[in-house]
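For reference, the structure is listed below as structure tokens.
Throughout, a chain's letter reflects where its sequence line sits, starting with A, and its residues are numbered from 1.
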Amino acid sequence: MNYNPNEIEAKWQQYWAENQTFKASNNSDKPKYYVLDMFPYPSGAGLHVGHPLGYIASDIVARYKRHQGFNVLHPQGYDSFGLPAEQYAIQTGQHPAITTETNIKRYREQLDKIGFSFDWNREVRTSNPEYYKWTQWIFIQLFNSWYNITADKAEDITTLITVFEKEGNASVKAVCDEDVAVFTAEEWNGFTGEEQQKILLQYRLTYLAETEVNWCPALGTVLANDEIVNGVSERGGHPVVRKKMTQWSMRISAYAERLLEGLNRIDWTESLKESQRNWIGKSVGVSVTFNVKQSDATIEVFTTRADTIFGVAFMTLAPEHDLVAQITTEEQQAEVAAYIEATAKRSERERMADVKTISGVFTGAYAEHPFTKEPIPIWIGDYVLAGYGTGAVMAVPCGDERDYAFANFFKGTNGMPEIKNIFSPLTANGEIDTSDEVIKEEAFAAKQGFVLKCSDFLDGLGYKEATQKVIEELEAIGAGKAKVNYRLRDAVFSRQRYWGEPFPVYYVNGMPQMIADEHLPIRLPEVEKYLPTETGEPPLGNATVWAWDTANNEVVANDKIDHETVFPLELNTMPGWAGSSWYFNRYMDAGNTEEFASQEALNYWKDVDLYIGGSEHATGHLLYSRFWQKFLFDKGVVPVDEYAKKLINQGMILGNSAFVYRTEDAKTLVSKGLIGDKTVYPIHADLTVINDVTNELDIEAFKAHPLYQDYQDAEFILEDGKYIVGREVEKMSKSKYNVVNPDDICAEYGADTLRLYEMFLGPLEQAKPWNTAGMTGVSGFLKKLWRLYTTDNGFEVTDAEPTKEMYKVLHQTIKKATEDIENFSFNTSVSQFMICVNELGKLKCNHRAILEPLAVLVSPYAPHIAEELWAGLGYEGSIAMVAYPKFEEKYLVESSKEYPVSFNGKMRFKIELSLELSVPEIQEIILADERTKAQLNGREPKKVIIVPGKIINIVG
RNA sequence: GCUCGAGUGGCGGAAUUGGUAGACGCGCUGGAUUCAAAAUCCAGUUCUUUCGGGAGUGUGGGUUCGAUUCCCACCUCGAGUACCA
């Protein structure tokens with residue numbers, strides 16, 4: 001009776017679907033376990049073998065935990081809003097909803113073939129109105145909240161209004177816009193409703209503001225910082241420019257410290273946490289205020305090196321700094337204007353690529369040193385970034401590389417002073433090094449190994465003491481204070497796209513108004529065209545039925561807009577990360593129409609025990625979702641403020657590209673071994689036209705392939721009568737023709753083989769190349785496993801008592817498989833299964849007492865065959881909930897050990913000795929052994945090390 | 001530049017409270033079976049060797065009876081990030 005994977009896999013997949021085997025209940029006496037995959041964007045290309053890697057790992061854990069007696073939540077869904085479906089709509093006119101539906105169907109078919117134990121009853125789709133209703137609802141919650149620094153949490157905006165009414169805003173400590181004017185209670189109460197709304201907008205956690213955004217002209221939309229890679233868009237690689245626009249923003253900066261702190265409480269990889277820490281970019285320093293001479297303006301700078309304040313030689317403002325226009329003197333006006341214009345023209349990318357070139361101009365103005373009162377020339381320069389700190393720096397050439405380079409470059413012009421040194425370097429034993437005068441060639445940027453000089457009251461102090469002292473002095477004269485600065489910027493939340501969540505927002509006199517919760521969802525309107533309008537408005541500007549009727553609370557035609565009861569709706573949509581920032585909570589109670597999720601469900605499942613997904617989301621999804629979770633926690637909606645206890649990043653599966661080599665004239669194709677020193681150009685060969693094992697090109701298939709029509713008449717230069725292709729490991733991608741489709745693998749070898757092989761390939765977190773040839777290994781393993789339970793006549797097992805050896809192998813395997821699964825070391829447990837089956841095969845084991853637990857052990861990895869074997873053993877129903885076998889130490893206890901005997905650390909021979917023997921007894925036996933004498937060759941052993949049960953080492 | 005991670009056979013990889021380096025699989029070699037092939041099974045497979053051995057986990061040093069594992073310095077590759085004041 002042969003193992004026929006196609007037949008049994010289809011059968012059990014149908015069984016699981018019909019019997020709802022993996023349906024999770026929100027009520028159970030069992031402990032809960034929540035295993036989550038990052039849900040996919042359903043792209044038109046379908047899945048390749050790299051995609052399911054993480055899903056297979058999480059499925060193994062989910063199935064293992066079910067065997068262990070947990071109530072397991074293992075859901076799946078689709079992040080179904082996004083750019084590709086919209087771009088397809090622009091090209092073809094097909095509605096993105098149709099494209100998305102088709103792609104999801106394809107994804108589902110592919111996923112089903114691999115035999116995942118997902119609870120599809122809880123499927124979510126971010127583009128489904130029943131889902132995005134709650135995304136809109138969360139947006140409204142954010143709008144109706146402010147961040148109270150004193151309480152260190154988000155609170156309802158009404159608590160802020162209460163304070164304003166009683167005390168004004170002077171005493172309010174909130175995370176808000178920087179330029180909020182101070183007002184009293186009387187003033188507040190005297191403001192018009194509109195004025196009050198404007199002020200509140202400066203406090204809300206999501207707010208409308210004119211901000212400088214990353215505008216991508218090619219995509220016609222704004223991009224978030226994490227959607228830009230090397231100055232071009234992550235999608236498509238289009239150039240990105242800075243542009244001022246009125247946009248919704250999320251006040252994620254309010255949560256900077258808590259996002260940082262929370263990292264200490266979660267078990268995520270160190271590198272991922274480090275990425276988030278860098279992205280948040282906390283730096284502890286001092287804010288110093290400089291007065292501008294002959295002006296009432298002041299310049300605030302942020303510095304981490306306040307100790308160097310007596311080394312300040314000049315100040316540099318970012319060209320975009322607000323004060324530039326105000327302080328620039330008449331003589332310098334033309335030069336400054338020209339410089340600003342020149343910088344604005346340079347794209348972010350050029351500016352980044354070209355860090356070596358020093359440029360800047362003098363404003364003509366001077367600031368006043370807070371202590372010495374000496375004049376300090378104020379320059380502008382593009383090495384100072386408007387977006388970081390205050391967009392202004394105090395420049396200390398002797399202590400900072402960039403300041404040094406700038407000062408050196410402009411030395412002697414416009415009052416740029418000579419570089420002055422304020423550091424006395426210390427020798428290794430802490431004495432002042434008088435022999436060496438530093439700061440001749442470069443800045444002294446270290447924070448240790450010096451004491452200050454020429455620094456008034458700071459003379460003789462090191463970095464720490466000086467910083468402490470200068471903060472005290474600055475505070476005493478009111479010119480500065482300690483400050484913590486974060487790199488993390490508020491996140492722009494508007495996108496000029498069609499295929500995203502519409503905002504539940506309409507505008508009255510330009511002021512945004514929220515639509516009441518009970519009228520949600522606000523559904524995406526139909527449009528004729530998915531492109532921006534002729535007037536440059538976002539695609540929703542094409543909608544004709546997109547106005548809000550406040551009398552009837554419904555969306556109505558635009559021509560009804562009268563700005564009295566009918567108002568225009570927001571034309572932007574939400575970004576891709578909106579829907580993915582809370583979906584893990586929705587799975588807990590996916591069908592709920594009354595609430596985001598019920599309190600019972602949220603309290604029962606609480607958080608994700610294991611989250612598996614790619615590391616590319618480190619500073620996007622994984623940061624935004626933590627932010628929303630903390631906000632929802634503050635509002636009492638969710639019970640925990642970190643939603644994923646443990647996170648694992650699966651590595652990428654790389655493609656194994658094949659190449660043919662053409663000559664310059666494209667008339668000849670040269671086999672790989674014959675290239676020699678000929679000039680040839682590699683062309684990707686589709687994997688369907690080569691033999692994956694022998695690397696031989698199927699020339700007929702190649703010529704017949706539509707991609708290679710240009711080579712119909714080409715001459716093939718063969719080696720040994722064959723054309724051998726070159727191979728190279730690259731990212732798996734359609735454009736490299738190295739994609740392997742899991743459907744093909746399932747059809748040829750079966751899903752269980754695919755699952756085992758993906759795990760067997762190597763450690764989950766590591767990138768590793770795919771090699772279809774290796775499939776035969778695991779395929780052979782499953783056949784051998786099958787043969788243990790069967791004969792030519794069908795299933796045949798014995799109830800006889802197994803031998804000691806059989807028990808030993810089984811329990812070794814239980815031990816290893818359990819440990820490995822707990823450590824997510826899936827590759828090594830597959831090895832152990834192979835060892836086990838090889839051993840049992842040699843022992844001719846067909847004993848029920850061994851084969852029953854073995855089926856359960858294998859079941860998380862290869863569930864279909866496990867089900868079939870379980871049925872073959874005579875059981876009704878699924879193996880999925882059968883208790884996991886228990887490891888018993890007694891089966892592994894040994895009475896003797898084969899000791900390795902080393903001489904000077906090199907293993908030379910082995911000797912079987914009883915474990916009962918004492919150290920002196922072992923020594924006596926070993927020294928009397930002939931092989932020892934031969935090794936020593938007459939020398940006396942200097943030392944004999946015996947570690948009982950482990951090793952013997954003789955030094956001599 | 002900085003941060004994090006990784007360097008082990010022809011290939012994927014295994015082994016770390018320091019204790020037999022190369023488990024398991026691919027590939028390769030030889031054999032059995034077969035009319036033949038596929039499939040299957042058996043044996044071998046780090047390198048080198050004068051068959052006694054010798055060398056060997058990126059390189060150089062150190063600690064140790066003993067180092068892939070710990071320490072120092074360096075090299076290479078990958079990922080992230082960057083004029084961050």
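Judged as a side-chain contact (heavy atoms from CB on, under 4.5 Å), and not counting sequence neighbours, the contacts of A/K808 are A/Q812, A/L892, A/E894. Residues forming a side chain to side chain donor-acceptor pair (under 3.5 Å) with A/E696 (at least two apart in sequence, or on another chain): none. Among residues two or more places apart in sequence or in another chain, the side chain to side chain donor-acceptor pair (under 3.5 Å) test is passed with A/N408 by A/K411. Checked against side chain to side chain donor-acceptor pair (under 3.5 Å), A/D322 has no partners two or more places apart in sequence or in another chain. Partners of A/Y899 according to the ring-ring contact (aromatic ring centres under 6.0 Å, His included) rule, which considers only residues two or more places apart in sequence or in another chain, do not exist here. Residues satisfying the side chain to side chain donor-acceptor pair (under 3.5 Å) test with A/R402, not counting sequence neighbours, are A/D400.
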Restricting both atoms to N or O, compile the protein contacts to nucleotides 43-54 of chain B shorter than 3.5 Å, with distance only.
from  : atom 1 : to     : atom 2 : distance (Å)
B/G54 : OP2    : A/R908 : NH1    : 3.3

Using the 3.5 Å cut-off, write out each protein N or O paired with an N or O of nucleotides 2-6 of chain B and the distance between them.
none

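For residues 764-791 of chain A, no pair satisfies salt bridge (Lys or Arg N to Asp or Glu O under 4.0 Å), with sequence neighbours left out. Within the structure, no pair that satisfies the side-chain hydrogen bond (donor to acceptor under 3.5 Å, both in side chains) test touches residues 947-956 of chain A, not counting sequence neighbours. Screening residues 303-314 of chain A for salt bridge (Lys or Arg N to Asp or Glu O under 4.0 Å) gives A/R305-A/D307 as the qualifying pairs, with residues at least two apart or on separate chains.
A/L654 places its CG atom 14 Å from the C1' atom of B/C77, with the value rounded to the nearest Å.
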What does nucleotides 19-31 of chain B look like as a protein-contact string, B for base, S for sugar-phosphate only, - for none, at under 4.0 angstrom between heavy atoms? BBS-BBSS-----
